[in-house]
There are 2 protein chains.
Amino acid sequence: MASEDQGTDLLWGPRQKPARAPRLALTVDRIAGAAIEVADAEGMASVSMQQVAARLDVTKMALYRHVSSKAELVAVMIESAVGEPPNLRTVPGGWRPRLITWADLMRRTWRRHPWLPAATTGERMTGPREVGWTESAVAALGDTGLDGGERMDAVFLLSGHIRNTESAATAGTQPWTAEKQLRDILRDHRERFPALHEATMSTAGTVRDNGWEFGLNRILDGLEVLIEGRRPERTS
Amino acid sequence: MASEDQGTDLLWGPRQKPARAPRLALTVDRIAGAAIEVADAEGMASVSMQQVAARLDVTKMALYRHVSSKAELVAVMIESAVGEPPNLRTVPGGWRPRLITWADLMRRTWRRHPWLPAATTGERMTGPREVGWTESAVAALGDTGLDGGERMDAVFLLSGHIRNTESAATAGTQPWTAEKQLRDILRDHRERFPALHEATMSTAGTVRDNGWEFGLNRILDGLEVLIEGRRPERTS
DNA sequence: TACACCCAGTGTCCATCGGACACTCAAGTA
DNA sequence: TACTTGAGTGTCCGATGGACACTGGGTGTA
């Protein structure tokens with residue numbers, strides 16, 4: 001950029017500083033941190049090797065000394081962003097409050113890093129912390145009488161709901177979440193989509209959470225029906 | 001590519017064919033069809049302007065005469081792939097069988113085009129057929145006593161479940177769906193993830209559907225709890 | 001019949017992407 | 001002092017989406 005100016009300074013000016021500031025050593029953690037900053041600020045689409053490298057004042061190829069590919073960079077970002085999985089054993093009240101706590105913590109994390117839904121779709125590597133979050137939720141269902149497959153399916157269902165509501169929050173994943181756009185469409189075509197038109201209009205002015213609370217309660221109610229039905233009959 | 005050979009042929013060989021086969025006129029539908037073929041065969045990542053153009057034996061820039069951007073191409077693909085929304089009014093038995101039918105039809109469509117989850121994430125344009133599918137499901141909840149917001153949230157919850165199970169079917173969206181990989185990890189770290197290890201091992205050899213049936217039944221049960229509780233009390 | 005216009009399809013260019021590979025150069029060791 | 005090592009660099013490549021000027025054949029009008 002300013003190579004000529006620098007040359008002039010080097011020749012004529014007072015030698016004020018070492019030509020290149022003594023920079024911190026590059027580490028995987030620093031790289032992940034920079035990538036997360038880019039993603040938080042400008043979205044996953046802006047996370048490229050050159051963008052991340054630029055933020056560290058380094059060449060993109062330097063990054064490859066520490067991560068073997070972009071996929072690995074993303075994997076490291078995710079592990080760093082999700083944080084340590086929670087310990088739910090101290091939450092009183094059985095499986096339901098524990099799952100609510102888990103879902104709430106997870107949702108908070110995902111809200112802090114809105115690119116997580118986009119980063120965690122598709123084939124990819126999985127890190128220990130991510131698995132730890134799953135462990136945590138599966139363990140919370142330990143005394144419900146559900147079998148192993150059911151416990152895993154239940155956690156998948158719940159975490160999928162978080163993914164859906166959060167990715168819908170940042171981008172219109174589903175037609176009916178792009179509020180404004182959909183409302184305009186429906187105003188122009190109300191005769192074609194009467195039920196949807198009526199439902200949408202009745203929610204005008206309402207605070208929307210993309211169905212987070214609604215879906216959470218439906219899922220937990222559905223689980224409760226199964227768990228209570230499974231329990232050895234006592235009274236009835 | 002073979003321009004010199006063609007030149008030779010034109011000069012010396014018998015003039016066998018018009019240099020370029022009389023090709024079908026390019027239309028948006030033909031373009032969308034070709035793009036869907038590419039996506040079905042090689043996944044969404046292989047859908048590029050040049051790939052689609054090549055399949056039509058045409059330059060990529062020719063496509064821009066018919067679609068204004070790649071985003072528009074994708075939007076057209078989606079509209080074409082989802083097909084006409086179903087009419088559920090003939091399905092007997094109330095909202096539950098109707099939603100099951102709807103979910104089953106939608107899941108079938110998404111299975112036919114495994115790229116649909118990937119294509120319908122992120123900010124994008126929405127077409128009338130896609131909105132039609134939503135209309136169809138919202139209408140099925142018309143006589144449940146749910147209010148407009150609840151009906152939309154319910155449909156979002158259900159369609160989100162389809163998205164999750166289907167996108168997990170084609171790629172390991174969640175750690176616990178990449179069966180083989182996860183099982184290996186857990187074998188090596190069973191002391192770190194005991195609950196998950198136990199749950200996973202107990203499902204060995206089981207046919208997995210990514211929790212489709214399980215999640216569907218939980219969601220419907222959860223909806224039923226709400227709907228029945230909302231109904232004006234009769235007996236009890 | 002002649003000519004001008006229109007427009008679908010072409011060719012070329014550009015910035016950006018992930019990544020391969022050979023390099024420089026300073027620090028540490030023999 | 002000479003050699004090795006390894007972090008960071010520079011350059012190249014093919015593929016991506018897209019801008020823009022061009023061409024050539026068909027059609028409507030004079």
Side-chain angles (χ1 to χ4, degrees), chain A residues 1-4 6-7 10 17-32 34-35 38-39 42-77 115 118-119 122-125, chain B residues 1-4 6-7 10 17-32 34-35 38-39 42-77 115 118-119 122-125:
Chain A
M1 189 208 284
S3 63
E4 283 194 8
Q6 272 191 9
L10 284 178
K17 281 284 175 185
R20 193 173 285 143
R23 65 174 68 131
L24 295 73
L26 219 45
T27 64
V28 173
D29 284 341
R30 283 191 68 226
I31 293 173
V38 173
E42 306 171 57
M44 203 54 195
S46 292
V47 176
S48 70
M49 299 309 275
Q50 26 263 67
Q51 290 282 319
V52 174
R55 181 167 291 244
L56 293 165
D57 192 29
V58 132
T59 309
K60 72 172 172 173
M61 292 316 294
L63 306 184
Y64 284 99
R65 293 266 167 212
H66 304 266
V67 296
S68 67
S69 66
K70 190 187 178 184
E72 194 169 297
L73 206 201
V74 174
V76 171
M77 286 175 68
W115 46 271
E123 202 114 28
R124 63 197 178 77
M125 315 176 209
Chain B
M1 189 207 288
S3 63
E4 285 193 6
Q6 273 190 10
L10 284 178
K17 280 284 177 185
R20 193 172 285 142
R23 66 172 67 130
L24 297 74
L26 218 47
T27 64
V28 174
D29 284 341
R30 282 192 68 226
I31 293 174
V38 173
E42 306 172 56
M44 202 56 193
S46 293
V47 176
S48 70
M49 301 308 274
Q50 26 263 64
Q51 289 282 317
V52 174
R55 183 166 288 244
L56 293 166
D57 193 30
V58 132
T59 308
K60 73 171 172 175
M61 290 317 294
L63 306 183
Y64 284 100
R65 293 267 167 213
H66 304 267
V67 296
S68 66
S69 67
K70 189 187 179 184
E72 193 170 298
L73 206 203
V74 174
V76 171
M77 286 175 68
W115 47 269
E123 203 117 25
R124 63 199 176 79
M125 314 177 209

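Worth saying up front: this structure is predicted, and the values here are computed from it rather than measured. Order of the sequence lines fixes the chain letters, A, B, ..., with proteins taken first and strands second; residue numbering starts at 1 for each chain.
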Might you point out which heavy atoms bring [X] and [Y] nearest each other, and give the distance in Å?
X       : Y        : value
A:Ala39 : A:Met77  : CB-CE, 3.7 Å
A:Val52 : A:Ile31  : CG1-O, 4.0 Å
B:Met44 : B:Ala119 : CE-CB, 3.9 Å

A:Val47 vs B:Thr27, nearer the 5' end of DNA chain C by closest nucleotide
B:Thr27
Would you say the side-chain atoms of A:Thr27 pair up with the backbone N or O of A:Arg30, donor to acceptor, closer than 3.5 Å?
yes
For the pair made of OH in B:Tyr64 and P in D:dA19, what is the distance, rounded to whole Å?
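So the OH-P distance, B:Tyr64 to D:dA19, works out to 7 Å.
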Atom pair distance, as rounded to whole Å: CG in A:Leu63 and P in C:dA20:
14 Å
Polar-atom pairs under 3.5 Å, protein N or O versus N or O of nucleotides 4-6 of chain D: list them with distances, or write none.
none

Could you give the distance from OH (A:Tyr64) to OG1 (A:Thr59), rounded to the nearest 0.5 Å?
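It is 12.5 Å, given to the nearest 0.5 Å.
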Got a second to check how far A:Met61's CE is from A:Met49's CE, nearest 0.5 Å?
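Separation between the atoms: 8.0 Å.
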Which pairs would a plain distance check flag for residues 68-76 of chain B, meaning a side-chain donor or acceptor within less than 3.5 Å of a matching protein atom at least two apart in sequence or in another chain?
residue: B:Ser68; atom: OG; partner: B:Glu72; partner atom: OE1; Å: 2.7
residue: B:Ser69; atom: OG; partner: B:Ala71; partner atom: N; Å: 3.4
residue: B:Ser69; atom: OG; partner: B:Glu72; partner atom: N; Å: 3.3
residue: B:Lys70; atom: NZ; partner: B:Val47; partner atom: O; Å: 2.8
residue: B:Glu72; atom: OE2; partner: B:Ser68; partner atom: N; Å: 3.4

Is B:Gln50 close enough to D:dT16 that one of its side-chain N or O atoms is under 4.0 Å from OP1 or OP2 there?
yes
Pairs touching residues 44-56 of chain A that satisfy salt bridge (Lys or Arg N to Asp or Glu O under 4.0 Å), sequence neighbours left out:
A:Glu37-A:Arg55
At a heavy-atom distance below 4.0 Å, what parts of residues 66-76 of chain B sit against DNA chain D?
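Residues of residues 66-76 of chain B under 4.0 Å from DNA chain D: B:Ser69, B:Lys70.
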Mind listing the N/O atom pairs, protein and nucleotides 11-13 of chain D, below 3.5 Å?
none

Applying salt bridge (Lys or Arg N to Asp or Glu O under 4.0 Å) to A:Arg65 and not counting sequence neighbours gives none
